[in-house]
K.L.:
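Okay, handing you the structure first.
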Amino acid sequence: MAVENLTVEQLSDALKNNEFLFHYQPILSLRTGKIDGVEALIRWKKNNGDLIAPSEFIPFAEETGFITEITKAMIPRFLDDQKSILLANETIVSSFNISAKDLSDDTFIPTLFSLIDDSGIDRSKIKIELTESSALSLSDTGLLQIAELKANNIGLAIDDFGTAHATFDQLRNLPFTCLKIDYSITKDAMATPDGLTLLDHSIKLAHQLKMDSIAEGVDNQDLVGYLMGVGCEHAQGYYISKPLALPTLIEFLNKKLVWRTFIHGHVYKAMVDYIEWVRKVHCSLYMSNANINIVPFEPEDAATGIFLLEVTDSVDIEAYNQLNTVYKNCYEIAKIMLSAKCAGDQALIDKLLPDFFEMSSTVSSLLQEVYSKECQQGLLKQFSFRSTTNGESAQIY
Ligand code: C2E
Ligand code: CA
Ligand code: CA
């Protein structure tokens, strides 16, 4: 509901009188079980103490273009708050919402950079959120500005994903680092199988686009468990915490709460990455014609990397050692096959291919084994899969 008869003048007065402030909603890492992010959500605190929600004045501010005045004026406030937040927890990355209109103002990005630099806050501790519909309507200049933010190590999230129905191709061309799955998707997820499929697909889409995923509006424990199982990186919602005034947020952070996590979602994600990698290797090989014109294989695109595993004391680490050894061998064979350049090498490829198939299927089944053990018993303390382009050997930590 909008404030009745709202005028630009009222907003302008509110800005002069310092009546806008931020509440912060904590964001949970589903990998570590700890809070590692917050989102700044604006509130209008009137002199009489009334707190007005953004839905009552932000749409009007956007329509009239006054939003840019608000955004610019609120950056110093946001940065000031970050100093206290980072003092309480130095791992926090703070998100700041901007509107598409902000980017049509040429002075916006330079102002943002210089204010961040003056504050002494590391740029990587800041993330900018732009809604899916705004992201889709960006002009070329807007896109360049966004790309500049990313090049300067500032995180970029597509907000309210699912509300504007962007296609894979549209998203692929946007330089964002993170996909925030809208409440409309998470809300229905546990209610129907179709709802779960949509949530699943959104998370997979984020991963295929090499973005992290954040589920918004997470308001129950079952959903948190489900999100961990499908490899979603972050959750935000009332189940974790409502948006909090700054002093309450600091108290909340100081409690250093830890949520119980299962790592199997990340093992699952590694399986998907791995299968995708095998598929790419196969495509590269099969695209070769009789004269062996192999399509160049781009290692930076591949899931070639190392599995980093930290297992609990009770578990036999043999399966993990085996997984890493077979994976490494499989990768070495793929490298030889893919570097084949001349027709004479076809014989070598034919010779190596069966070994490659066999090892690939061993890696897949070992990953499956690790995954199901983790699902049943939570055996892994920590799991990750890191890309490496130099083909270093796999290791266990
Ligand atoms: P948003 O960016 O999608 O922010 C999330 C909204 O969902 C917040 O509402 C938050 O309170 C609410 N929310 C979080 N968890 C739950 C949950 O579990 N269940 C339910 N039902 N709701 C949840 P809020 O603070 O009223 O903000 C509304 C919108 O106003 C924001 O949506 C954002 O689009 C806009 N907004 C807020 N602050 C700013 C700002 O500083 N600048 C701009 N341009 N827009 C802002
Ligand atoms: Ca947002
Ligand atoms: Ca949102």
Side-chain angles (χ1 to χ4, degrees), residues 1-3 11 14-15 19-28 35 37-45 51-79 81-82 93-105 108 112 126-135 155-164 166 176-190 199 202 206 213-224 227 234-246 248-249 252:
M1 204 187 66
V3 176
L11 289 177
L15 207 52
E19 290 174 22
F20 294 114
L21 63 118
F22 286 120
H23 279 189
Y24 289 90
Q25 187 169 35
I27 298 173
L28 174 68
I35 300 296
V38 294
E39 177 178 1
L41 294 159
I42 201 165
R43 304 288 181 260
W44 178 1
K45 191 170 187 181
L51 206 58
I52 300 182
S55 54
E56 298 196 35
F57 61 93
I58 290 288
F60 174 77
E62 283 177 339
E63 267 165 46
T64 55
F66 192 73
I67 188 68
T68 303
E69 298 307 312
I70 299 181
T71 310
K72 281 208 276 191
M74 292 307 284
I75 301 170
R77 178 77 186 238
F78 168 76
L79 292 169
D81 289 353
Q82 295 332 298
V93 172
S94 298
S95 293
F96 182 81
N97 291 281
I98 63 164
S99 298
K101 285 221 167 97
D102 295 329
L103 292 170
S104 42
D105 174 349
F108 179 71
L112 180 67
I126 293 178
K127 191 184 275 184
I128 300 289
E129 296 191 8
L130 188 66
T131 60
E132 184 186 19
S133 58
S134 302
L156 283 171
I158 297 185
D159 202 1
D160 302 345
F161 173 73
T163 55
F176 286 76
T177 56
C178 166
L179 201 65
K180 289 194 82 169
I181 299 161
D182 190 59
Y183 182 49
S184 56
I185 294 181
T186 49
K187 173 168 61 83
D188 292 338
M190 303 305 275
L199 177 60
S202 307
S213 50
I214 301 186
E216 294 191 292
V218 175
D219 56 10
N220 65 80
Q221 189 177 3
D222 291 345
L223 186 55
V224 172
L227 290 166
H234 285 97
Q236 177 180 357
Y238 293 170
Y239 173 70
I240 296 134
S241 166
K242 291 202 164 179
L244 306 169
L246 184 64
T248 323
L249 173 80
F252 180 88

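Quick note: numbers below take in every heavy atom, side chains included, and nothing from hydrogens, waters or symmetry partners. Counting starts at 1 for both ligands and their atoms, following the listed order.
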K.L.:
Protein heavy atoms: any of them under 4.0 Å from atom 9 (O) of ligand 1?
P.N.:
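Given the 4.0 Å limit, the answer for atom 9 (O) of ligand 1 is no, no protein heavy atom qualifies.
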
K.L.:
Would a 4.5 Å heavy-atom cut-off, applied to side chains only, mark L103 and I98 as touching?
P.N.:
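Yes, close enough: below the 4.5 Å cut-off.
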
K.L.:
Would you say D105's side chain and D102's backbone share a donor-acceptor pair under 3.5 angstrom?
P.N.:
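It does not hold such a pair.
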
K.L.:
State whether the shortest distance between N or O atoms of Q236 and N or O atoms of ligand 1 falls below 3.5 angstrom.
P.N.:
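No: no nitrogen or oxygen of Q236 is under 3.5 Å from one in ligand 1.
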
K.L.:
Classify the ring geometry between F20 and W44 as parallel (under 30°), tilted (30 to 60°) or perpendicular (over 60°).
P.N.:
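Plane angle between 30° and 60°, so tilted.
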
K.L.:
Check K127, Q236, H23 against E39 for a side-chain hydrogen bond (donor to acceptor under 3.5 Å, both in side chains) and give me the one that passes.
P.N.:
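Of all the options given, the one that passes is Q236.
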
K.L.:
Do protein heavy atoms approach atom 30 (O) of ligand 1 to less than 4.0 Å?
P.N.:
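Neighbour list for atom 30 (O) of ligand 1 includes protein heavy atoms (cut-off 4.0 Å).
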
K.L.:
If you check every N/O/S atom of E39, which is the one nearest the Ca ion (ligand 2)?
P.N.:
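Answer by atom name: OE2.
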
K.L.:
For the pair F96 and F22, name the ring-plane relationship: parallel under 30°, tilted 30 to 60°, perpendicular over 60°.
P.N.:
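Ring orientation, 0 to 90° scale: perpendicular.
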
K.L.:
Any atoms of ligand 1 less than 4.0 Å from a non-hydrogen atom of G217? List them with their elements.
P.N.:
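Answer, ordered by atom number: 16 (C), 17 (C), 18 (O).
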
K.L.:
What I want to find out is whether E19 reaches K45 closely enough, with some N-O distance under 4.0 Å, to be called a salt bridge.
P.N.:
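No, no charged N to carboxylate O under 4.0 Å.
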
K.L.:
For the side chain of S202 and the backbone of I181, is there at least one donor-acceptor N/O pair under 3.5 Å apart?
P.N.:
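No; zero donor-acceptor contacts below 3.5 Å.
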
K.L.:
Looking only at atom types and distance, does a side-chain atom of D160 sit under 3.5 Å from a main-chain N or O of K180, one as donor and one as acceptor?
P.N.:
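No, D160 side chain to K180 backbone: no donor-acceptor pair under 3.5 Å.
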
K.L.:
Please determine whether a side-chain nitrogen of the Lys or Arg among K101 and E62 lies less than 4.0 Å from a carboxylate oxygen of the Asp or Glu.
P.N.:
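The answer is no: the pair does not qualify as a salt bridge.
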
K.L.:
Measuring from atom NZ of K72 to atom CD1 of I70, what distance do you get when rounded to the nearest 0.5 angstrom?
P.N.:
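Output value for this atom pair is 13.0 Å.
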
K.L.:
Can you confirm, on distance only, whether ligand 1 has an N/O atom lying under 3.5 Å from any N/O atom belonging to I42?
P.N.:
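Such a contact does occur with ligand 1.
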
K.L.:
Which value, rounded to the nearest 0.5 Å, describes the distance between Y24 atom OH and S241 atom OG?
P.N.:
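Reported to 0.5 Å precision, the distance equals 14.0 Å.
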
K.L.:
Are any side-chain N or O atoms of N220 and backbone N or O atoms of L223, one a donor and one an acceptor, separated by less than 3.5 Å?
P.N.:
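Such a contact is found between N220 side chain and L223 backbone.
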
K.L.:
Taking only protein atoms, how many N, O or S atoms are found under 3.0 Å from the Ca ion (ligand 3)?
P.N.:
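Under the 3.0 Å cut-off, the count stands at 4.
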
K.L.:
Could you establish whether F22 and ligand 1 come within less than 4.0 Å of each other, counting only heavy atoms on the residue side?
P.N.:
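Contact check F22 vs ligand 1: positive.
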
K.L.:
Do C178 and I158 come within less than 4.5 Å of each other through their side chains, counting heavy atoms only?
P.N.:
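Result no, sub-4.5 Å side-chain heavy-atom pair not found.
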
K.L.:
Quick check: D219 and ligand 1, any N/O pair under 3.5 Å apart?
P.N.:
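No, no N or O pair falls under 3.5 Å.
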
K.L.:
For ligand 1, which part of K180 has a heavy atom less than 4.0 Å away: the side chain, the backbone, both, or neither?
P.N.:
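None of K180 does.
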
K.L.:
With heavy atoms of E216 as the reference, note each atom of ligand 1 found under 4.0 Å away.
P.N.:
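Counting from 1, the qualifying ligand atoms are 3 (O).
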
K.L.:
Which one holds for E39 and ligand 1: side chain close, backbone close, both close, or neither close, with close meaning a heavy atom under 4.0 Å?
P.N.:
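The part of E39 near ligand 1 is the side chain, not the backbone.
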
K.L.:
Nearest to atom 11 (O) of ligand 1, what protein heavy atom do you find, and at what distance?
P.N.:
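Scanning the protein heavy atoms, the shortest distance from atom 11 (O) of ligand 1 goes to P243 CG, 3.3 Å.
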
K.L.:
Closest non-hydrogen protein atom to atom 15 (N) of ligand 1, residue and atom name please, with distance?
P.N.:
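So the nearest neighbour among protein heavy atoms is Q25 NE2, 3.0 Å.
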
K.L.:
Within the side chain of E129, is there an N or O that forms a donor-acceptor pair under 3.5 Å with the backbone of A157?
P.N.:
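Side chain of E129 to backbone of A157: no pair is present.
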
K.L.:
Kindly confirm or rule out an N or O of S55 lying under 3.5 angstrom from an N or O of ligand 1.
P.N.:
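No.
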
K.L.:
Are any non-hydrogen protein atoms located under 4.0 Å from atom 6 (C) of ligand 1?
P.N.:
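No; the ligand atom in question lacks any protein heavy-atom contact below 4.0 Å.
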
K.L.:
Which heavy atom of A235 sits nearest a heavy atom of V218, and at what distance?
P.N.:
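Minimum heavy-atom contact is CB-CG2, 3.9 Å.
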
K.L.:
For ligand 1, indicate whether the residue D159 contacts it via side chain, backbone, both or neither (heavy-atom separation under 4.0 Å).
P.N.:
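The answer is the side chain of D159.
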
K.L.:
Please state which protein non-hydrogen atom is closest to atom 27 (O) of ligand 1 and give its distance, to 0.1 Å?
P.N.:
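Result for atom 27 (O) of ligand 1: P54 CG, 3.3 Å.
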
K.L.:
Polar contacts were defined as any N/O atom of the residue lying under 3.5 Å from an N/O atom of the ligand; does this apply to E129 and ligand 1?
P.N.:
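It does not: no N or O of E129 is found under 3.5 Å from an N or O of ligand 1.
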
K.L.:
Out of L223, T131, N97, whose heavy atom sits nearest atom 40 (C) of ligand 1?
P.N.:
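Heavy atom nearest to atom 40 (C) of ligand 1 belongs to N97.
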
K.L.:
What residue and atom, counting heavy atoms only, is the protein's closest point to atom 18 (O) of ligand 1, and at what distance?
P.N.:
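Here the nearest protein heavy atom works out to Y238 N, 2.8 Å.
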
K.L.:
Is D160 touching ligand 1 with its side chain, its backbone, both, or neither, if touching means heavy atoms under 4.0 Å apart?
P.N.:
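For D160, only side-chain atoms sit under 4.0 Å from ligand 1.
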
K.L.:
Under 4.0 Å, heavy-atom basis, I'd like to know which part of Y183 is in contact with ligand 1: side chain, backbone, both or neither.
P.N.:
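Side chain only.
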
K.L.:
Write down the atom of P26, the atom of L249, and the distance for their closest heavy-atom approach.
P.N.:
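So the two residues come closest at CG-CD1, 4.0 Å.
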
K.L.:
Do the side chains of L244 and V38 get nearer than 4.5 Å, heavy atoms only?
P.N.:
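A side-chain contact is absent here, since even the closest heavy-atom pair is not under 4.5 Å.
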
K.L.:
Using a 4.0 Å heavy-atom cut-off, which part of R43 comes near ligand 1: side chain, backbone, both, or neither?
P.N.:
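The part of R43 near ligand 1 is the side chain, not the backbone.
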
K.L.:
What protein heavy atom sits nearest atom 44 (N) of ligand 1, and how far away is it?
P.N.:
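Here the nearest protein heavy atom works out to S99 OG, 3.3 Å.
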
K.L.:
Establish, from distance only, whether the side-chain atoms of T68 and T71 form a donor-acceptor pair under 3.5 Å.
P.N.:
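No.
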
K.L.:
At what distance is the nearest protein heavy atom to atom 32 (O) of ligand 1, and which residue and atom is it?
P.N.:
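Nearest protein contact, heavy atoms only, for atom 32 (O) of ligand 1 is L41 CD2, 4.8 Å.
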
